[in-house]
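Letters A, B, ... mirror the listed sequences (proteins, then strands); counts begin at 1. What's counted below: heavy atoms across the whole structure, side chains too, no hydrogens, waters or symmetry copies.
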Number of protein chains: 2
Amino acid sequence: MAEATVQPGADYCATYDPSSPATRDALRERLLDVAGLSELFKVLSDETRTRILYLLSLQELCVCDIADVLDMSLPAVSHHLRLLKAHRLVKYRREGKQVYYSLDDDHIVGLISLAQAHYAEGR
Amino acid sequence: MAEATVQPGADYCATYDPSSPATRDALRERLLDVAGLSELFKVLSDETRTRILYLLSLQELCVCDIADVLDMSLPAVSHHLRLLKAHRLVKYRREGKQVYYSLDDDHIVGLISLAQAHYAEGR
DNA sequence: AATACAATTAAACGGTTGCTTAATTATAGG
DNA sequence: CCTATAATTAAGCAACCGTTTAATTGTATT
């Protein structure tokens, strides 16, 4: 393992020695803060799903219209909507033959905006 | 395609008719706003990577320490760091035999916080 | 030089994922 | 009751992804 990054006596330094078992365990405990977080990001990791979510942030749409705008097959879109539904990111209402979807959670818009800001900084 | 969701004459309604080619094209144009965004989310979609990024938000660490804390093989960790490097999310400096990594972008912390807030709301 | 350790890279394998085609359910209209 | 349209579901397939093992590079030590 690595040696201490802090010189002996340099206790003003905020960093811990990762080679010490105590610090290692402390860091492991902190990891619980982000447990399961990647699951949400996994939903957003597909281009089609971010497009669907962004469309729904603009207006309510039925499945066939989403498919039309995205130029995709209906089953493919339905497949993604099912996943978004399972994660409580979208809600739906039936109106005759159509089923209209809309956002169920505004956090998503915030995540998308933040990601946009990331790219906006010349990356 | 779907019929208009707005009754004729109800032009106070903010929603557009998605079945009209003009609206369809307008929506398609808006999609450019989120083009490529999922790529960033894809990086965060892996649990190991979110854990690495969160660890690095706490303190600078070398590869073998990350591997130790996460209880993973060195090549596996290195593999992920390579991807994070390619996306300019982490930076590194060599110090002797070790290579120390740290966050290169604070946006990531914001994204993680926002995702945490999402789950904090009883979902 | 030679050895040891940290890190990276490459190849290969197993699991996951997203799309397609086909079949099924649901609702509206003739 | 039958047909047509919207949507969902299921099965199958190709592509992608993360890990492992093994080999290679780089740096420090003796």
Side-chain angles (χ1 to χ4, degrees), chain A residues 1-5 17-19 24 36 38-53 55-56 60-87 89-102, chain B residues 1-5 17-19 24 36 38-53 55-56 60-87 89-102:
Chain A
M1 289 310 119
E3 293 159 35
T5 61
D17 176 6
S19 64
R24 192 201 55 195
S38 61
E39 220 177 291
L40 177 59
F41 291 123
K42 195 168 290 181
V43 177
L44 298 166
S45 71
D46 182 77
E47 180 96 14
T48 299
R49 284 194 290 270
T50 61
R51 297 176 93 191
I52 291 178
L53 287 171
L55 282 181
L56 295 182
E60 186 185 48
L61 288 168
C62 69
V63 186
C64 66
D65 282 333
I66 298 174
D68 185 42
V69 173
L70 298 183
D71 195 27
M72 288 183 61
S73 76
L74 241 147
V77 172
S78 188
H79 168 74
H80 287 297
L81 287 171
R82 185 189 183 185
L83 188 73
L84 296 174
K85 224 187 307 178
H87 283 82
L89 298 178
V90 299
K91 59 189 177 194
Y92 63 96
R93 66 177 178 87
R94 182 168 269 266
E95 187 178 312
K97 278 183 280 188
Q98 283 91 22
V99 175
Y100 286 89
Y101 281 85
S102 56
Chain B
M1 291 308 121
E3 293 159 34
T5 60
D17 177 7
S19 64
R24 193 201 54 197
S38 61
E39 222 177 289
L40 177 59
F41 291 124
K42 195 168 291 180
V43 177
L44 298 166
S45 71
D46 181 77
E47 181 97 15
T48 299
R49 285 193 290 270
T50 60
R51 297 176 92 189
I52 291 177
L53 287 171
L55 281 180
L56 295 181
E60 187 186 46
L61 288 168
C62 69
V63 185
C64 65
D65 282 334
I66 297 174
D68 185 43
V69 173
L70 297 184
D71 195 27
M72 289 182 62
S73 76
L74 241 147
V77 171
S78 188
H79 168 74
H80 288 297
L81 286 171
R82 186 189 184 186
L83 188 73
L84 295 174
K85 224 188 307 178
H87 283 82
L89 298 178
V90 298
K91 60 189 176 194
Y92 63 97
R93 69 180 177 84
R94 184 171 267 273
E95 186 177 313
K97 277 182 281 190
Q98 281 92 21
V99 175
Y100 285 90
Y101 281 84
S102 56

Nucleotides 23-30 of chain D: protein proximity per nucleotide (B base, S sugar-phosphate only, - neither; heavy atom, under 4.0 Å): ---BBS--
Using side-chain hydrogen bond (donor to acceptor under 3.5 Å, both in side chains) as the criterion, list what pairs up with Ser38(A), not counting sequence neighbours.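 Once residues adjacent in sequence are excluded, the partners of Ser38(A) under the side-chain hydrogen bond (donor to acceptor under 3.5 Å, both in side chains) criterion are Glu47(B).
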Nearest-0.5 Å distance that lies between atom [atom1] in [X] and atom [atom2] in [Y]:
X	Y	atom1	atom2	value
Ile66(B)	Asp71(B)	CD1	CG	14.0 Å
Leu84(A)	Leu53(A)	CG	CG	5.0 Å
Ile52(B)	Leu83(B)	CD1	CG	10.0 Å

Look at Ser73(A) and dT20(C) and indicate whether a side-chain polar atom (N or O) is within less than 4.0 Å of OP1 or OP2.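 Affirmative; the distance criterion is met.
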Taking 4.0 Å as the cut-off, does a side-chain nitrogen or oxygen of Tyr101(B) come that near to OP1 or OP2 on dT8(C)?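 Checking dT8(C) against Tyr101(B), a side-chain N or O does come within under 4.0 Å of OP1 or OP2.
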Candidates [options] - which lies nearest the side chain of [X]:
X	options	value
Gln98(B)	dT20(C), dA6(C), dT20(D)	dA6(C)
Ser78(B)	dT8(D), dA7(C), dA7(D)	dA7(C)
Arg82(A)	dT9(D), dA7(C), dA7(D)	dT9(D)

[N] [atom2] sits how many Å from [X] [atom1], rounded?
X	N	atom1	atom2	answer
Asp65(A)	dA7(D)	CG	C1'	13 Å
Arg93(B)	dA6(C)	CZ	P	16 Å
Leu74(A)	dA23(C)	CG	P	17 Å
Glu39(B)	dC16(D)	CD	P	14 Å
Lys85(A)	dA7(D)	NZ	P	11 Å
Glu47(A)	dC19(C)	CD	C1'	16 Å
Leu44(B)	dC17(D)	CG	C1'	16 Å

Interface polar pairs with nucleotides 11-18 of chain C, N/O, under 3.5 angstrom:
unit_1, atom_1, unit_2, atom_2, d
dG18(C), OP1, Arg49(A), NH2, 2.8

All N/O donor-acceptor pairs, side-chain side in residues 39-46 of chain A, below 3.5 Å, sequence neighbours left out:
unit_1, atom_1, unit_2, atom_2, d
Ser45(A), OG, Lys42(A), O, 2.6
Asp46(A), OD2, Thr48(A), N, 3.1
Asp46(A), OD2, Arg49(A), N, 3.2

Could you tell me whether Tyr92(B) contacts a base, only the sugar-phosphate backbone, or nothing, with contacts defined as non-hydrogen atoms closer than 4.0 Å?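 No contact at all - Tyr92(B) keeps every heavy atom at 4.0 Å or more from the nucleic acid.
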Check: Gly96(B) main-chain N/O paired with Arg94(B) side-chain donor or acceptor under 3.5 Å: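 At least one qualifying donor-acceptor pair exists.
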Using the side chain to side chain contact (heavy atoms under 4.5 Å, CB included) rule, take Arg24(A) and Asp68(B) through it: C-alpha gap first, then chi angles, then the decisive distance, then the call. CA-CA 8 Å; Arg24(A) 192 201 55 195; Asp68(B) 185 43; 3.1 Å; yes
Heavy-atom closest pair (Glu60(B) atom, Tyr101(B) atom, distance to 0.1 Å) is CG-O, 3.3 Å
Just jot down the side-chain contact (heavy atoms from CB on, under 4.5 Å) partners of Lys91(A), sequence neighbours excluded, or say none. Ser102(A), Asp104(A)
